[in-house]
Student: 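Okay, handing you the structure first.
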Amino acid sequence: MRETPRPQGTAGDTGSELPQHRPGCAFAHTTGASGSGTPHRSDGRSPHTPRGARHTGPTVRPGTTPPVPGRTALLFSVVSGLLALFALTTWQIAADGPLRSLDERTGRALVGHGPRWLTEFLADLGNTQVALPVLGCALVWSLVRGERRAPVTAALTMAAVPLLVVPLKDWIARPGPLTDATGYYPSGHAATAAAAYGAAALLLAPYLRRSWMMPVAAVLLTAATGIGLVLRGYHWPLDVLGSWFLCGLLLIPLSLSRRSRRRSSSRTPSC
């Protein structure tokens, strides 16, 4: 008589038992560790694909890199801070507040300090005959390199300076440190220097290996202009600060334009 073949198993199995999974055996698809019934790898390793290593958030599409957190919040903080400082300065000057009194005492104490030739030279950095040619050279260089959006934005930024500064001068009608003539807040020379040197730095920075040098140079030139204006007695300190706050706001669109260009250039594949 032919015997019925026994099921495969170990030496201790009996014919009445069904085959059992031995502990430690690897199976390609077994029940997940939590008993959910989903298949998983037997060795517990994560899938070796770029998409599998990325995490997604509630506002990010699957498989995309999350944006840098805090960038929008930082921009909002900068804009809000500059607006608040400019509004506070303008209000104190127009309403003859405590800051205006402190500003005038400080200005009178600073007038006449420093070598005359040096302070005059620093104040002249805010002249249109000096600042505008610097910006013009940066505009030409940017256009030669094939840019269009950034030069236009920089030119509009510079054009906005007199459109904003001149009406404010007429409205507030603040007398100068050494004269009874009015129209000294905000400082047109300080605004010209900040807008021209700042815009030129933003246009030229992407073409330099050490791009941080251009913004530093712009800040130094702008600060030197303001110091010269105050020490020569051409403007009160708050006249200069108000112009800096205003031009900081005007330069934000150009700064954002340069930042977006750097990001698009970094995503462009090289041949």
Side-chain angles (χ1 to χ4, degrees), residues 67-104 106-107 126 131 135 149-150 152-176 182-203 205 212 214-227 229-230 234-263:
V68 178
R71 181 174 296 169
T72 303
L74 177 61
L75 176 62
F76 178 78
S77 300
V78 171
V79 173
S80 301
L82 290 173
L83 276 174
L85 290 172
F86 180 70
L88 174 63
T89 304
T90 305
W91 166 57
Q92 285 292 294
I93 299 301
D96 198 8
L99 283 181
R100 175 169 176 169
S101 301
L102 176 61
D103 178 50
E104 292 178 356
T106 304
L135 177 59
R149 180 180 177 183
V152 171
T153 305
L156 292 176
T157 299
M158 195 68 241
V161 171
L163 296 178
L164 295 174
V165 169
V166 173
L168 283 171
K169 284 177 173 289
D170 295 338
W171 172 52
I172 296 177
R174 186 185 192 186
T182 59
Y184 280 78
Y185 178 88
S187 168
H189 284 74
T192 299
Y197 299 138
L202 291 172
L203 289 175
W212 56 268
M214 293 306 301
V216 170
V219 170
L220 292 177
L221 289 172
T222 302
T225 304
I227 292 172
L229 292 171
V230 172
Y234 296 148
H235 280 285
W236 304 105
L238 284 184
D239 297 346
V240 173
L241 289 177
S243 295
W244 289 352
F245 299 148
L246 177 62
C247 289
L249 290 169
L250 294 178
L251 287 170
I252 286 177
L254 179 58
S255 178
L256 293 177
S257 173
R258 305 308 286 164
R259 188 182 299 273
S260 62
R261 180 187 179 278
R262 288 195 299 268
R263 287 200 300 265

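As a basis for the values below, the full set of heavy atoms in this structure was taken, side chains included, without hydrogen atoms, waters or symmetry mates. Residues take their numbers from the sequence shown, with the count starting at 1.
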Student: Could you pull out the closest heavy-atom pair between P237 and G107, with the gap in Å?
Tutor: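 Heavy atoms of P237 and G107 come nearest at CD-CA, 3.9 Å.
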Student: Check whether T222 reaches the backbone of A218 with its side chain - one donor and one acceptor, N or O, closer than 3.5 Å.
Tutor: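 Yes; judged by distance alone, with no hydrogens or angles, the pair exists.
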Student: Can you name the closest pair of heavy atoms from G248 and L82 and give their distance?
Tutor: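 Residues G248 and L82, closest heavy atoms: C-CD1, 3.7 Å.
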Student: Begin with the C-alpha distance, continue with both residues' side-chain angles, and end with the deciding distance and a verdict on side-chain contact (heavy atoms from CB on, under 4.5 Å) for D239 and R174.
Tutor: CA-CA 9 Å; D239 297 346; R174 186 185 192 186; 2.8 Å; yes
Student: Please examine the side chains of F245 and L249, heavy atoms only from C-beta on, and report whether any two atoms are closer than 4.5 Å.
Tutor: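 No, too far: nothing below the 4.5 Å cut-off.
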Student: Going by heavy atoms in the side chains, are L164 and L250 under 4.5 Å from each other?
Tutor: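 Yes, close enough: below the 4.5 Å cut-off.
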Student: Where the side chain of S243 meets the backbone of S187, is there a donor-acceptor pair that is under 3.5 Å apart?
Tutor: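 Here the side-chain-to-backbone pair exists.
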Student: Which value, rounded to the nearest 0.5 Å, describes the distance between D96 atom CG and S101 atom OG?
Tutor: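 Spacing of CG (D96) from OG (S101) equals 5.5 Å.
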Student: Which residue pairs pass the side chain to side chain donor-acceptor pair (under 3.5 Å) test when at least one of the two sits in residues 73-91, sequence neighbours left out?
Tutor: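 Passing the test, one end in residues 73-91: T90-Y185.
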Student: How many angstroms lie between atom OG1 of T157 and atom CG of L135, to the nearest 0.5 angstrom?
Tutor: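 The OG1 atom of T157 sits 9.0 Å away from the CG atom of L135.
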Student: Report yes if the side chains of M158 and T192 come closer than 4.5 Å at any heavy-atom pair, otherwise no.
Tutor: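 Side-chain contact under 4.5 Å: yes.
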Student: Using a 3.5 Å distance criterion without hydrogens, assess whether the side chain of H235 forms a donor-acceptor pair with backbone atoms of G176.
Tutor: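 Flag not set: sc H235 to bb G176 has no pair under 3.5 Å.
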Student: Side chains of L168 and W171: does their closest heavy-atom pair fall under 4.5 Å?
Tutor: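 In contact.
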Student: Does any part of the side chain of L75, heavy atoms only, come nearer than 4.5 Å to the side chain of I252, both counted from C-beta?
Tutor: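 A side-chain contact exists here, since the closest heavy-atom pair is under 4.5 Å.
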Student: Quick one: does S255's side chain have a donor or acceptor within less than 3.5 Å of a partner on L251's backbone?
Tutor: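 Such a contact is absent between S255 side chain and L251 backbone.
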